[in-house]
Amino acid sequence: HVLRFKAPGTVIFARKPQFGSDGKAHAIIDYSQDRANRGWNRQHASAPIGLSEDVKKWNGVFHTQMEFAALIDDFASDVVGDPSGDMLLEMASNLEVTDIKVTGYKRDPKTRLYNVTLVGKTETTTVVYPKFKLLIPVFADQPPVEVEIRLDLDKKDGAYGFRTRIHRFDKLAQAEFEKVCKDLTAKTGVPVWQGQAPDLMKCL
């Protein structure tokens with residue numbers, strides 16, 4: 001739409017998405033043209049900018065032991081660096097044992113790893129890695145980038161589980177948002193302004 005109808009005054013306003021609300025790229029074809037003209041501010045085009053489903057699964061989410069093991073299994077091929085996907089799968093497998101629950105944990109001050117105590121019919125100890133890296137897209141329909149997942153042990157409804165978050169997510173999302181804006185400018189030849197369009201433009 002922008003390539004077909006753009007004029008010298010066409011601009012795009014891009015709003016960054018947040019958890020709970022999508023962002024939006026909103027083009028105003030005749031934004032800075034003659035305001036006395038009947039066509040001023042009549043023609044708009046918009047497209048959503050949403051967080052990826054992968055980000056929603058990993059950032060600020062509490063997982064039970066079984067949910068966490070299943071999630072690691074789904075994303076094992078996207079793991080980069082150390083610990084590897086195989087190492088994380090082994091860790092998750094040690095946690096995914098019927099009738100065995102986490103009863104406590106202690107963090108090793110030297111390695112920074114969690115030593116988790118599991119108690120069922122027998123007592124055993126397994127290591128939980130506090131961080132690892134994945135290749136996932138930050139925004140929907142965008143290429144994957146390397147993100148660092150931080151893992152914390154947490155207790156919910158009397159049972160231990162695992163809370164995951166993307167390290168420095170706000171900074172990462174801003175960097176990816178700037179890439180989206182730059183890409184929009186390159187594809188349309190139209191300047192992109194970060195933020196909400198002015199109220200007088202009546203953009204929905």
Side-chain angles (χ1 to χ4, degrees), residues 16-23 49-180:
K16 185 172 64 176
Q18 299 177 352
F19 281 94
S21 64
D22 281 345
I49 304 173
L51 295 172
S52 74
E53 291 303 313
D54 290 350
V55 160
K56 293 176 184 178
K57 291 176 182 178
W58 284 106
N59 196 43
V61 182
F62 178 88
H63 311 275
T64 65
Q65 288 177 242
M66 296 291 283
E67 289 169 346
F68 180 71
L71 193 62
I72 288 292
D73 191 32
D74 288 343
F75 283 85
S77 61
D78 301 309
V79 177
V80 293
D82 187 31
S84 67
D86 288 343
M87 293 165 71
L88 290 171
L89 277 174
E90 183 179 358
M91 177 193 80
S93 296
N94 288 338
L95 296 172
E96 191 183 10
V97 181
T98 304
D99 296 329
I100 291 184
K101 302 294 182 184
V102 172
T103 59
Y105 64 92
K106 185 177 182 181
R107 196 163 193 171
D108 189 318
K110 295 179 181 178
T111 64
R112 304 301 294 160
L113 298 177
Y114 288 108
N115 290 317
V116 179
T117 302
L118 306 171
V119 174
K121 294 179 180 178
T122 60
E123 182 173 310
T124 184
T125 299
T126 189
V127 171
V128 173
Y129 303 101
K131 60 182 178 179
F132 50 92
K133 293 180 179 179
L134 293 176
L135 277 176
I136 59 173
V138 174
F139 297 142
D141 304 317
Q142 294 298 309
V145 295
E146 187 176 293
V147 304
E148 182 177 295
I149 305 297
R150 292 293 178 93
L151 179 65
D152 294 307
L153 286 154
D154 200 357
K155 205 169 188 178
K156 185 177 180 181
D157 299 328
Y160 281 101
F162 307 91
R163 191 171 297 279
T164 57
R165 60 185 172 87
I166 297 175
H167 186 50
R168 296 180 178 173
F169 178 75
D170 290 343
K171 184 178 180 180
L172 175 65
Q174 181 59 39
E176 289 302 298
F177 182 61
E178 288 171 3
K179 289 181 187 177
V180 170

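Note that the coordinates shown come from a computational prediction; the quantities given were computed from them, not determined experimentally.
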K.L.:
Check whether any side-chain heavy atom of Ser52 sits under 4.5 Å from a side-chain heavy atom of Ile136, and report yes or no.
P.N.:
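The answer is no; the side chains never approach within 4.5 Å.
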K.L.:
Quick one, His167 with Ile149, criterion side chain to side chain contact (heavy atoms under 4.5 Å, CB included). Give me CA distance, side-chain angles, the key distance, then yes/no.
P.N.:
CA-CA 6 Å; His167 186 50; Ile149 305 297; over 6 Å; no
K.L.:
For Phe139, enumerate each residue passing the ring pair (Phe, Tyr, Trp, His ring centres under 6.0 Å) test, keeping only those at least two apart in sequence or located in another chain.
P.N.:
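Counting only residues at least two positions away or on another chain, Phe139 forms no ring pair (Phe, Tyr, Trp, His ring centres under 6.0 Å).
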K.L.:
Could you tell me if the side chain of Asp82 sits less than 4.5 Å from the side chain of Phe132, heavy atoms only?
P.N.:
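They are not in contact (no side-chain heavy atoms under 4.5 Å apart), so the answer is no.
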K.L.:
Can you check whether Lys179 reaches Val145 side chain to side chain, under 4.5 Å on heavy atoms?
P.N.:
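They are in side-chain contact.
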K.L.:
To check you understand the geometry: which heavy-atom pair defines the closest contact between Val79 and Gly85, and what is its length?
P.N.:
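Nearest heavy atoms, Val79 then Gly85: CG1-N, 3.6 Å.
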K.L.:
With the side chain counted from C-beta on, respond yes when Pro130 and Leu151 share a heavy-atom pair under 4.5 Å apart, and no when they do not.
P.N.:
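Of all side-chain heavy-atom pairs linking Leu151 with Pro130, none is under 4.5 Å.
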K.L.:
Within a strict 4.5 Å, meaning less than it, do heavy atoms of the Lys57 and Leu71 side chains meet?
P.N.:
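A side-chain contact under 4.5 Å exists here.
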K.L.:
With rounding to the nearest 0.5 angstrom, report the OH to CE distance, Tyr129 to Met87.
P.N.:
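Going from the OH atom of Tyr129 to the CE atom of Met87 covers 3.5 Å.
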K.L.:
Sequence neighbours excluded, which residues qualify as side-chain hydrogen bond (donor to acceptor under 3.5 Å, both in side chains) partners of Gln142?
P.N.:
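For Gln142, no residue satisfies side-chain hydrogen bond (donor to acceptor under 3.5 Å, both in side chains) once neighbours in sequence are set aside.
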K.L.:
Taking all atoms of both residues into account, what is the closest heavy-atom pair of Asp54 and Pro137, and its distance?
P.N.:
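Shortest heavy-atom contact: OD2-CD, 3.5 Å.
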K.L.:
Let's go through Leu172 and Val147 carefully: what are the C-alpha distance in whole Å and the side-chain angles of both, what is the deciding distance for side chain to side chain contact (heavy atoms under 4.5 Å, CB included) to 0.1 Å, and is it a yes or a no?
P.N.:
CA-CA 8 Å; Leu172 175 65; Val147 304; 3.4 Å; yes
K.L.:
Just do the side chain to side chain contact (heavy atoms under 4.5 Å, CB included) check on Val80 and Glu146 with the steps written out, would you?
P.N.:
CA-CA 8 Å; Val80 293; Glu146 187 176 293; 3.7 Å; yes
K.L.:
What pairs with Lys56 under side-chain hydrogen bond (donor to acceptor under 3.5 Å, both in side chains), at least two apart in sequence or on another chain?
P.N.:
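Lys56 satisfies side-chain hydrogen bond (donor to acceptor under 3.5 Å, both in side chains) with Glu53 once adjacent residues are dropped.
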K.L.:
Please identify each residue that fulfils side-chain hydrogen bond (donor to acceptor under 3.5 Å, both in side chains) with Thr164, with sequence neighbours left out.
P.N.:
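Only His63 meet the side-chain hydrogen bond (donor to acceptor under 3.5 Å, both in side chains) criterion with Thr164.
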K.L.:
At what distance, to the nearest 0.5 angstrom, does OG of Ser84 lie from CD of Glu90?
P.N.:
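One gets 9.0 Å once the value is rounded to the nearest 0.5 Å.
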K.L.:
Grab the two heavy atoms, one from Pro144 and one from Leu135, that are nearest each other, plus how far apart they are.
P.N.:
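That would be CB-C, 4.0 Å.
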K.L.:
How far does NZ of Lys131 sit from CZ of Arg150, to the nearest 0.5 angstrom?
P.N.:
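That separation rounds to 5.0 Å.
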K.L.:
So which atom in Asp22 and which in Leu51 form the shortest heavy-atom distance, rounded to 0.1 Å?
P.N.:
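Scanning both residues completely, I find the closest heavy atoms to be OD1-N, 4.3 Å.
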K.L.:
Any side-chain to backbone donor/acceptor pair from Glu67 onto Thr64? Under 3.5 Å, distance only.
P.N.:
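Looks like yes, one N/O pair under 3.5 Å.
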K.L.:
Looking at Ala173 and Val138, what are the two nearest heavy atoms and their distance?
P.N.:
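Shortest heavy-atom separation between Ala173 and Val138 comes out as CA-CG1, 4.3 Å.
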K.L.:
Sequence neighbours excluded, which residues qualify as side-chain hydrogen bond (donor to acceptor under 3.5 Å, both in side chains) partners of Glu178?
P.N.:
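Listed in chain order: Gln174.
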K.L.:
Taking only residues at least two apart or on different chains, which pairs with a member in residues 161-174 satisfy salt bridge (Lys or Arg N to Asp or Glu O under 4.0 Å)?
P.N.:
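Sorted pair list: Asp152-Arg165, Asp154-Arg163.
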K.L.:
Can you say whether the rings of Phe169 and Phe19 are parallel (under 30°), tilted (30 to 60°) or perpendicular (over 60°)?
P.N.:
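It falls in the tilted class, 30° to 60°.
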K.L.:
Closest approach of Phe177 and Lys16, non-hydrogen atoms and distance?
P.N.:
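Nearest pair, atom of Phe177 first, then Lys16: CZ-N, 3.4 Å.
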